[in-house]
Enquirer: 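Handing you a structure now.
FYI, side chains are in, hydrogens and waters are out, and symmetry mates aren't considered; it's all heavy atoms of this structure. Each ligand, and each atom within it, is numbered from 1 in the order the structure gives.
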Amino acid sequence: MSYKILEKEEIAPSVHRMNIDAPDVAKAAKAGQFIILRIDETGERIPLTIADFDPEAGTVAIIFQEMGKTTKQLATLGAGDVLEDFVGPLGTPADVRKLGTVILVGGGVGVAPIYPQAKAYTEAGNKVISIIGARNEELLILEKEMGEASSELYIATDDGSKGHHGFVTDIMKNILDSDEKVDRVVIVGPPIMMKVGAGVAAPYDVEILVSLNSIMVDGTGMCGGCRVTVGGETKFTCVDGPEFDAREVDFIQLMNRLSMYRGEEAEATEEYEHKCRCGLH
Ligand code: FAD
Ligand code: FES
Ligand code: MG
């Protein structure tokens, strides 16, 4: 089976949004889940969050940042091209229900997984306070969509080009210090941001969830590639997660495992870019 790319847009430098024709995935998808795609039969499998889905139109949106070989190759495709595999929805859906007030924190492309959650928490009757951030204004994604899906939206940039000059976690701390009674905090972004954010929120009487981005291969609990330690127990991010209690996650192990194949990844990217320069693709 093949999956057609219906639309493609560069929403920030080297960050792309694609709408894929995938009716079965769109019908079953829930906030917090992801897909695993393969560009062609020789390609590697990579996980990407379901950034939006429309069961009626049968479409699923993905948002990805160019990192290495596979995401760079994906970025060269456009409307009309097809993907070999687009498997999903995978993972346990986010535990969305009526809680009261929920803070959603997203950094970088971590705003993509936060968006369907903002819609779902709002639909479930919660007050949703979203905080999104990026290194600078140009790299900020989904500002308009997040504004529409949230009760309140705050923005932070590392260089102060938009919103608060500093980190998303500064804004989160201010809200936790205020009179606002917060029932849950969800943080999604680079592992270091989730680790720091979890540390900042830990002293407060609030539930803290993070969505982990471990290396995945099969996405079905068979290969063990995505294993993480949560509360002293081994969990598989692809089936037990990707959402976990932040206070229990061993972030150092997660970060070490994510950098395990840096040498091979750099080699694959270099080889791919060399072939591109020589016109071999
Ligand atoms: P490479 O050069 O191969 O790798 C760059 C870095 O990406 C690696 O150092 C490693 O940390 C990570 N990575 C590499 N291979 C994998 C893999 N098979 N699985 C997971 N991480 C890997 N990225 C987005 O831009 N948007 C998303 O919505 C998104 N959602 C994700 C959801 C989940 C559940 C997970 C686990 C990851 C998600 N990622 C997302 C990360 C994305 O999968 C990696 O950026 C991508 O696999 C990099 O592939 P590459 O070949 O381009 O880069
Ligand atoms: Fe293989 Fe999770 S990706 S066990
Ligand atoms: Mg790769």
Enquirer: Could you please spell out the steps behind the side chain to side chain contact (heavy atoms under 4.5 Å, CB included) verdict for I62 and I35?
Expert: CA-CA 9 Å; I62 49 171; I35 55 89; 4.2 Å; yes
Enquirer: Working note: L90 + Q33, criterion side chain to side chain contact (heavy atoms under 4.5 Å, CB included); need CA distance, chi angles, decisive distance, verdict.
Expert: CA-CA 6 Å; L90 299 170; Q33 291 186 294; over 6 Å; no
Enquirer: Under 4.0 Å between a Lys/Arg side-chain N and an Asp/Glu carboxylate O for K127 and E152?
Expert: yes
Enquirer: I need the atoms of ligand 1 closer than 4.0 Å to a non-hydrogen atom of K69, numbered in the order shown.
Expert: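 Under 4.0 Å from K69, ligand 1 has these atoms: 51 (O), 52 (O).
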Enquirer: Do the side chains of D40 and R38 get close enough for a salt bridge, i.e. N-O under 4.0 angstrom?
Expert: no
Enquirer: Should F244 and K235 count as side-chain neighbours, where that means a heavy-atom distance under 4.5 Å?
Expert: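 Yes, at least one pair of side-chain atoms sits under 4.5 Å.
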Enquirer: Which protein heavy atom lies closest to atom 49 (O) of ligand 1, and at what distance to 0.1 Å?
Expert: I46 CG2, 4.0 Å
Enquirer: Tell me, which protein residue and heavy-atom name are nearest atom 19 (N) of ligand 1, and how many Å apart are they?
Expert: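 Answer for atom 19 (N) of ligand 1: M216 N, 3.0 Å.
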Enquirer: Counting only heavy atoms closer than 4.0 Å, does ligand 1 sit against the backbone of S211, its side chain, both, or neither?
Expert: neither
Enquirer: Would L176 and V182 satisfy side chain to side chain contact (heavy atoms under 4.5 Å, CB included), going step by step from the backbone distance to the final call?
Expert: CA-CA 7 Å; L176 291 172; V182 180; 4.1 Å; yes
Enquirer: Between Q253 and T229, is a side chain to side chain donor-acceptor pair (under 3.5 Å) present by the stated rule, with each step listed?
Expert: CA-CA 8 Å; Q253 183 201 40; T229 305; 3.0 Å; yes
Enquirer: Which value, rounded to the nearest 0.5 Å, describes the distance between S14 atom OG and Q65 atom CD?
Expert: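 Those atoms lie 7.5 Å apart.
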Enquirer: Nearest protein heavy-atom contact for atom 41 (C) of ligand 1: which residue, which atom, what distance?
Expert: P47 O, 4.1 Å
Enquirer: Would you say atom 1 (Fe) of ligand 2 has C238 as a near neighbour, meaning an N/O/S atom of that residue under 2.8 Å away?
Expert: no
Enquirer: In the complex you have, is atom 38 (C) of ligand 1 within reach of the protein, judged by whether a heavy-atom distance drops under 4.0 Å?
Expert: yes
Enquirer: Heavy-atom contacts with M222 under 4.0 Å: which atoms of ligand 2 show up? List them by number with element.
Expert: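 Listed by number with element, the hits are 4 (S).
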Enquirer: Checking D245 side chain against R247 main chain: does a donor-acceptor pair fall under 3.5 Å?
Expert: yes
Enquirer: Is it the case that ligand 1 has an N or O less than 3.5 angstrom from some N or O of E44?
Expert: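 Among all N and O atoms of E44, at least one is under 3.5 Å from an N or O of ligand 1.
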Enquirer: What is the SG(C223)-atom 1 (Fe) of ligand 2-OD1(D218) angle, to the nearest 10 degrees?
Expert: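 Between SG of C223 and OD1 of D218, the angle at atom 1 (Fe) of ligand 2 is about 90°.
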Enquirer: With heavy-atom distances below 4.0 Å as the criterion, list the atoms of ligand 2 near V217.
Expert: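 In order of numbering, the contacting atoms are 3 (S).
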Enquirer: Could you tell me whether L258 approaches ligand 1 through its side chain, its backbone, both or neither, with non-hydrogen atoms closer than 4.0 Å?
Expert: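 Both backbone and side chain.
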Enquirer: Could you list which atoms of ligand 1 come closer than 4.0 Å to a heavy atom of V109?
Expert: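 The list of qualifying atoms is 25 (O).
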Enquirer: Taking atom types as modelled, is there a side-chain donor on D170 or H164 under 3.5 Å from an acceptor on the other?
Expert: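 H164 and D170 do have a side-chain donor-acceptor pair below 3.5 Å.
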Enquirer: Any atoms of ligand 2 less than 4.0 Å from a non-hydrogen atom of G221? List them with their elements.
Expert: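 So the answer, numbered in order with elements, is 4 (S).
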Enquirer: Would you mind running through ligand 1 and noting each atom that sits below 4.0 Å from a heavy atom of R45?
Expert: 18 (N)
Enquirer: Could you check atom 5 (C) of ligand 1 against the protein and tell me its nearest heavy-atom contact, residue, atom and distance included?
Expert: E265 OE1, 3.9 Å
Enquirer: For ligand 1, find out whether one of its N or O atoms is nearer than 3.5 Å to an N or O atom of N213.
Expert: no
Enquirer: Could you go through the side chain to side chain contact (heavy atoms under 4.5 Å, CB included) check for L83 and L77 one step at a time?
Expert: CA-CA 9 Å; L83 303 174; L77 305 182; 3.8 Å; yes
Enquirer: With the threshold set at 4.0 Å, does a side-chain nitrogen-carboxylate oxygen contact exist between K119 and D52?
Expert: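 A salt bridge links K119 with D52.
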Enquirer: Which heavy atom of the protein is the closest neighbour of atom 23 (N) of ligand 1, given with residue, atom name and distance?
Expert: L48 CD2, 3.7 Å
Enquirer: Where the closest heavy atom to atom 4 (S) of ligand 2 is concerned, which of P47, P242, G224 has it?
Expert: G224
Enquirer: With heavy atoms only and a cut-off of under 4.0 Å, state how R227 meets ligand 2: side chain, backbone, both or neither.
Expert: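 No part of R227 comes within reach of ligand 2.
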Enquirer: Which residue and non-hydrogen atom of the protein lie closest to atom 26 (N) of ligand 1, and at what distance in Å?
Expert: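 Here the closest protein heavy atom is I63 O, 2.8 Å.
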Enquirer: Without hydrogens or angle criteria, can the side chains of S211 and E243 be said to hold a donor-acceptor pair below 3.5 Å?
Expert: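 There is no such pair (donor and acceptor under 3.5 Å, judged by atom type) between the side chains of S211 and E243.
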Enquirer: Given 3.5 Å as the limit, does a donor-acceptor pair link the side chain of R257 with the main chain of C226, or not?
Expert: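 The answer is no, because no donor-acceptor pair under 3.5 Å joins these two groups.
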Enquirer: Does any N or O in the side chain of T157 come within less than 3.5 Å of the main-chain N or O of K162, such that one atom is a donor and the other an acceptor?
Expert: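 Flag set: sc T157 to bb K162 pair under 3.5 Å.
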Enquirer: Of all the non-hydrogen atoms in the protein, which one sits nearest to atom 45 (O) of ligand 1, and at what distance?
Expert: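 For atom 45 (O) of ligand 1, the nearest protein heavy atom is M67 CG, 3.6 Å.
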Enquirer: Suppose we measure from atom 22 (C) of ligand 1 to each protein heavy atom; which comes out shortest, and what is that distance?
Expert: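 Answer for atom 22 (C) of ligand 1: I215 CG1, 3.9 Å.
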Enquirer: Out of all atoms in ligand 2, which are within 4.0 Å of some heavy atom of G219? Include the element for each.
Expert: 1 (Fe), 3 (S)
Enquirer: With a cut-off of 2.8 Å, how many protein N, O or S atoms neighbour the Mg ion (ligand 3)?
Expert: 1
Enquirer: Report yes or no: does a heavy atom of A112 sit under 4.0 Å from some atom of ligand 1?
Expert: no
Enquirer: As an exercise, state the distance from CZ of R135 to OG of S161, rounded to the nearest 0.5 Å.
Expert: 11.0 Å
Enquirer: Heavy atoms only: which of A75, G68, P242 is nearest to atom 53 (O) of ligand 1?
Expert: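 It is G68 whose heavy atom sits nearest to atom 53 (O) of ligand 1.
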Enquirer: Mark yes or no for whether N213, through its side chain, and P190, through its backbone, hold a donor-acceptor pair below 3.5 Å.
Expert: no
Enquirer: Say whether, by atom type as modelled, one donor and one acceptor occur between the side chain of D54 and the main chain of T59 under 3.5 angstrom.
Expert: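 No.
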Enquirer: Do R184 and D95 meet the salt-bridge criterion of a basic N to acidic O distance under 4.0 Å?
Expert: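 The answer is yes: the pair qualifies as a salt bridge.
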Enquirer: Within a distance under 4.0 Å of any heavy atom of F64, pick out the atoms of ligand 1 and give their elements.
Expert: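 Close to F64: 24 (C), 25 (O), 26 (N).
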